[in-house]
Amino acid sequence: MNILIIGSGGREHALAWKISQSPLVDTIWSAPGSPAMDQFGPCFDVQPDDVEKLEQLVLQLEPDLIVIGPEVPLALGAADRLRARGFDVFGPNREPAQLEASKGFSKDLMAKLGVPTARYGRFTEVDKAKAFLDTLEAPYVLKADGLAAGKGVVIAPTLDEAKAEAEEMLSGKFGDASAELVIEEFMHGEEASVFVLTDGVNRITLPACQDHKRLLDNDEGPNTGGMGAYCPAPVMTPALMAEVDEKIAAPMINGLNEAGHPYQGVLYIGLMMTSEGPKVVEFNVRFGDPECQVLMASMLDDIVPVLLACATGGMPARDFAQLLPTVDQARPSATVVMATRGYPGHYHKGSVISNVKEAGEVEGVTIFHAGTGTNEAGELVANGGRVLNVTAVGDDLKQAVERCYTAVDMIDWPEGVCRRDIAWRALARD
């Protein structure tokens, strides 16, 4: 098979790395890819949000399978257009992709299907938003309705701050993404992420992950796209996984299918383990980043047959407990995100990073590149906010985390920062 991967970050590097191990694959192409992804096959300078050029590239290459990494092309209908041309695509069409592209759409569909989530309201007028905030207790959750590159959620500790934030968001703080605002009650509990692979009818659930959104240790500092992750997450017991499948995954996937919009790809379910059971924090329509990196590292077997089954409708029916061999075998894994100092605010590009190759030779370690480039001297440099995903597997989670930090400490990058407490919740249970 020849496979095209759309995207360029750490998630897509991890997908390329895992897909390249399949005996079914001859060629991997990437668009736009990255210097790190170039080792798996040619990269083409086509941006994920340029659907016209993506279509032209696909017609030129004629891949056997297209794997869409990021959410933006899905929200723009890239999967619809490519399927209409007769290609097999891993990733949902535009309508089901609204689960991530519109928080309001997602919440309304959950309400319609009886999927457990926080009480909410949708607003375009400041006065009505403020009135709804008066009915809630602190802290307050405000979400831009549209895509805001993972930065459109604000948790305000006081009512005055929440009302000021509502004004800012509806006044264009996140551009068109916050033209509409979703306000939710705050949910207390421990978070986890569950990823469901589906062809629109049948489904397979991957091991649960837990990521770390805050920049600093002890879950302090600003929210980020994610500073680390691990799997499996022990908070998700087999009983809770079965409950998520029955009360969340099944109604959502079946409901979309019955509405004529079968979901083909991976459904990311962001969960809060509340005193009333698991509730949905958010849906994403692609693999999480950096959760994808730990999932790919943890899998022992070939993922390509499952990706292809999602794209073609060839996934066999099964009971929840009977996972396919491809995803049933998993090793404990963790990833530590190394970011440029200043992220998620202003940061400088171009700082030199050394010893990455040597760090990647630590037993069990693989380093995925989320935002790197090369300078004129051919040195590896930082080219983004989140730059490296130092990922490791181990006999247990403790060993995986230790291997991550052994590798992190070998990397020479004075401008790099990372958290030192990845997987602390799980390790504290031991």
Chemist: Just distance, no hydrogens or angles: give the donor-acceptor pairs under 3.5 Å from side chains in residues 38-49, sequence neighbours left out.
Modeler:
unit_1, atom_1, unit_2, atom_2, d
Q39, NE2, A36, O, 3.0

Chemist: When rounded to the nearest 0.5 angstrom, what distance separates CD in Q210 from CD in E291?
Modeler: 10.0 Å
Chemist: Got a sec, which residues hit side chain to side chain donor-acceptor pair (under 3.5 Å) with E161, two or more places apart in sequence or on another chain?
Modeler: T158
Chemist: Can you tell me how far CG of D211 sits from SG of C292, rounded to the nearest 0.5 angstrom?
Modeler: 13.0 Å
Chemist: I'd like to check the ring pair (Phe, Tyr, Trp, His ring centres under 6.0 Å) partners of Y347; sequence neighbours left out, ordered by chain and number.
Modeler: none
Chemist: Test of understanding: with side chain to side chain donor-acceptor pair (under 3.5 Å), list the residues that count as partners of S333, not counting sequence neighbours.
Modeler: none
Chemist: Taking only Lys NZ, Arg NE, NH1 and NH2, and the carboxylate oxygens of Asp or Glu, determine whether R341 and E415 approach each other closer than 4.0 Å.
Modeler: no
Chemist: Just verifying a value: how many Å separate F123 CZ and L133 CG, rounded to the nearest 0.5 Å?
Modeler: 7.5 Å
Chemist: Ignoring hydrogens and angles, tell me if any N or O in the side chain of D199 forms a donor-acceptor pair with the backbone of V201 under 3.5 Å.
Modeler: yes
Chemist: For S102 and Q98, indicate whether the former's side chain and the latter's backbone hold a donor-acceptor pair under 3.5 Å.
Modeler: no
Chemist: Tell me if a side-chain donor or acceptor on E180 pairs with a main-chain N or O of T124 at a distance below 3.5 Å.
Modeler: no
Chemist: Side chain to side chain donor-acceptor pair (under 3.5 Å): which pairs involve residues 12-25, sequence neighbours left out?
Modeler: S22-D302
Chemist: Counting N and O atoms only, with roles assigned by atom type, does the side chain of R419 sit under 3.5 Å from a partner on the main chain of R214, one being a donor and the other an acceptor?
Modeler: yes
Chemist: Could you tell me whether E184 and K107 make a salt bridge, using a distance below 4.0 angstrom between a side-chain N and a carboxylate O?
Modeler: yes
Chemist: Can you name the residues that form a side-chain contact (heavy atoms from CB on, under 4.5 Å) with A382, not counting sequence neighbours?
Modeler: T340, S351, I353, V387, W413
Chemist: For the CD1 atom of I303 and the CG atom of L197, what is their distance to the nearest 0.5 Å?
Modeler: 6.5 Å
Chemist: With sequence neighbours left out, write down each residue that passes side-chain contact (heavy atoms from CB on, under 4.5 Å) with A79, or none if nothing qualifies.
Modeler: I68, L74, R83, V89, N93
Chemist: Nearest 0.5 Å, please: how far is CD in E168 from CG in L181?
Modeler: 11.5 Å
Chemist: I need the full list of ring-ring contact (aromatic ring centres under 6.0 Å, His included) pairs touching residues 188-208, with sequence neighbours left out, sorted by first then second residue.
Modeler: F186-H188, F195-Y268
Chemist: Sort and list the pairs that fulfil ring-ring contact (aromatic ring centres under 6.0 Å, His included) and have at least one residue in residues 69-118, not counting sequence neighbours.
Modeler: none
Chemist: Roughly how far, to the nearest 0.5 Å, is the CG atom of L215 from the OG1 atom of T224?
Modeler: 6.5 Å
Chemist: Can you tell whether the side chains of D219 and R425 come within less than 4.0 Å, N to carboxylate O?
Modeler: yes
Chemist: Strictly distance-based, threshold 3.5 Å: is any side-chain N or O of D50 a donor or acceptor partner for the main-chain N or O of K53?
Modeler: yes
Chemist: Residues two or more places apart in sequence or in another chain: which of them pass salt bridge (Lys or Arg N to Asp or Glu O under 4.0 Å) with R81?
Modeler: E52, E55
Chemist: Does D26 have any side-chain contact (heavy atoms from CB on, under 4.5 Å) partners at least two apart in sequence or in another chain, and if so, which?
Modeler: N2
Chemist: Applying side-chain contact (heavy atoms from CB on, under 4.5 Å), name anything that partners E220, two or more places apart in sequence or on another chain.
Modeler: L216, N218
